Colleague: 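Next up is a structure, given as structure tokens.
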Amino acid sequence: QVQLVESGGGLVQPGGSLRLSCAASGSIFSIDTMGWYRQAPGKQRELVAGVTFGGSRNYADSVKGRFTISRDNAKNTVLLQMNSLKPEDTAVYFCNARVRVYNGPYRDTWGQGTQVTVSP
């Protein structure tokens with residue numbers, strides 16, 4: 001009943017910037033936490049940044065000071081501004097949201113992912 005659609009990503013040089021966007025749609029009653037995860041080749045998916053409904057944010061140590069997560073509750077959208085990108089940031093980035101539909105519980109919902117490649 002709910003889908004997440006990511007946009008953004010691409011190929012950038014080290015030190016460059018990208019902005020990822022994710023919009024949730026469907027029969028949404030409410031959304032609790034939203035966040036971004038990433039998965040690099042040969043590695044498990046890891047949390048990059050998350051934000052609660054009230055705006056409390058947390059980040060992986062590797063991206064603190066470089067990435068900023070934000071959300072627009074009215075639009076059911078979460079953004080990830082990525083600055084000072086490094087080759088180590090190369091991964092597929094996935095949007096995640098804890099979403100409640102009408103007459104249902106909160107469930108984790110995932111987007112399809114968008115590729116971010118940081119290379120000279």
Side-chain angles (χ1 to χ4, degrees):
Q1 291 183 299
V2 177
Q3 64 175 352
L4 305 180
V5 179
E6 301 106 330
S7 62
L11 175 63
V12 297
Q13 294 182 333
S17 298
L18 285 173
R19 176 180 274 113
L20 306 183
S21 179
C22 172
S25 62
S27 301
I28 299 171
F29 179 77
S30 64
I31 303 178
D32 186 20
T33 57
M34 304 185 79
W36 289 93
Y37 291 71
R38 67 186 181 188
Q39 188 166 20
K43 300 180 66 177
Q44 294 190 90
R45 191 172 300 184
E46 64 175 347
L47 176 66
V48 178
V51 57
T52 67
F53 178 83
S56 181
R57 298 166 171 82
N58 69 287
Y59 299 92
D61 288 340
S62 60
V63 307
K64 287 181 179 178
R66 300 188 297 119
F67 291 11
T68 302
I69 189 169
S70 60
R71 66 188 288 172
D72 185 334
N73 292 331
K75 297 180 179 179
N76 294 327
T77 299
V78 61
L79 304 174
L80 185 67
Q81 177 66 45
M82 304 185 293
N83 298 325
S84 302
L85 283 162
K86 304 175 180 179
E88 305 92 270
D89 297 317
T90 296
V92 178
Y93 284 69
F94 296 90
C95 180
N96 172 266
R98 190 165 183 259
V99 183
R100 182 185 176 188
V101 300
Y102 292 100
N103 298 316
Y106 280 102
R107 301 290 189 190
D108 277 340
T109 304
W110 295 90
Q112 292 290 341
T114 184
Q115 177 70 46
V116 172
T117 302
V118 185
S119 179

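Only a predicted model underlies this, so the values are computations on that prediction, with no experimental measurement involved. Just so it is clear, the values below take in all heavy atoms, side chains as well, and ignore hydrogens, waters and symmetry mates.
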Colleague: Minimum heavy-atom separation for Val2 and Thr109, please, with both atom names.
Modeller: O-CG2, 4.0 Å
Colleague: What is the minimum heavy-atom distance between Leu4 and Ala97, and which atoms define it?
Modeller: CD1-N, 3.7 Å
Colleague: Could you tell me if the side chain of Thr77 sits less than 4.5 Å from the side chain of Ser21, heavy atoms only?
Modeller: yes
Colleague: Grouping I, L, V, M, F, W and Y whenever their side-chain heavy atoms are under 4.5 Å apart, do Tyr106 and Val51 come out in a common cluster?
Modeller: no
Colleague: Taking all non-hydrogen atoms of both residues into account, name the closest pair between Cys95 and Glu6 and its distance.
Modeller: N-OE2, 2.9 Å
Colleague: Looking at every non-hydrogen atom in both residues, tell me the closest pair between Phe53 and Ile31 and how far apart they are.
Modeller: CD1-O, 3.6 Å
Colleague: Got a list of side-chain donor-acceptor pairs under 3.5 Å for residues 111-120, not counting sequence neighbours?
Modeller:
{"unit_1": "Thr114", "atom_1": "OG1", "unit_2": "Gly8", "atom_2": "O", "d": "2.8"}
{"unit_1": "Gln115", "atom_1": "NE2", "unit_2": "Ala91", "atom_2": "O", "d": "3.4"}
{"unit_1": "Gln115", "atom_1": "NE2", "unit_2": "Thr117", "atom_2": "OG1", "d": "3.2"}

Colleague: Using modelled atom types only, decide if a donor and an acceptor are shared between the side chain of Arg66 and the backbone of Ser84 within a distance under 3.5 Å.
Modeller: yes
Colleague: Look at the side chain of Arg98 and the backbone N and O of Thr52, then say whether any donor-acceptor pair between them is shorter than 3.5 Å.
Modeller: no
Colleague: Between Val92 and Trp110, is there shared hydrophobic-cluster membership here, with clusters defined by ILVMFWY side-chain heavy atoms closer than 4.5 Å?
Modeller: yes
Colleague: Is there a path from Phe94 to Tyr59 through hydrophobic residues (I, L, V, M, F, W, Y) whose side chains come within less than 4.5 Å of each other?
Modeller: no
Colleague: Which one of Ile69, Val78, Leu79 satisfies the side-chain contact (heavy atoms from CB on, under 4.5 Å) criterion with Met34?
Modeller: Val78
Colleague: Ignoring hydrogens, what is the shortest heavy-atom contact between Met82 and Leu85? Give both atom names and the distance.
Modeller: CB-CD2, 3.8 Å
Colleague: Counting neighbours of CZ on Arg19 that are heavy atoms of other residues, nucleotides or ligands and sit closer than 6.0 Å, is the number greater than 12?
Modeller: no
Colleague: For residues Ala49 and Leu80, report the shortest heavy-atom separation together with the two atoms involved.
Modeller: CB-CD1, 4.2 Å
Colleague: Which word best sums up how the rings of Tyr93 and Phe67 line up, parallel for under 30°, tilted for 30 to 60°, or perpendicular for over 60°?
Modeller: tilted
Colleague: Nearest 0.5 Å, what's the CD-CD distance between Gln39 and Gln44?
Modeller: 8.0 Å
Colleague: With a sphere of 6.0 Å drawn around CG of Asp108, does it hold more than 12 non-hydrogen atoms of other residues, nucleotides or ligands?
Modeller: yes
Colleague: Would you call Asp61 and Lys64 a salt bridge, using N to O less than 4.0 angstrom?
Modeller: yes
Colleague: Please tell me if the side chains of Phe29 and Val101 come closer than 4.5 Å, counting only heavy atoms from C-beta onward.
Modeller: no
Colleague: When clusters are formed by joining ILVMFWY residues with side-chain heavy atoms under 4.5 Å apart, either directly or through shared neighbours, do Leu18 and Trp36 land in the same one?
Modeller: yes
Colleague: So, taking the atom named CG in Asn96 and the one named SG in Cys22, what distance separates them when rounded to the nearest 0.5 Å?
Modeller: 8.5 Å
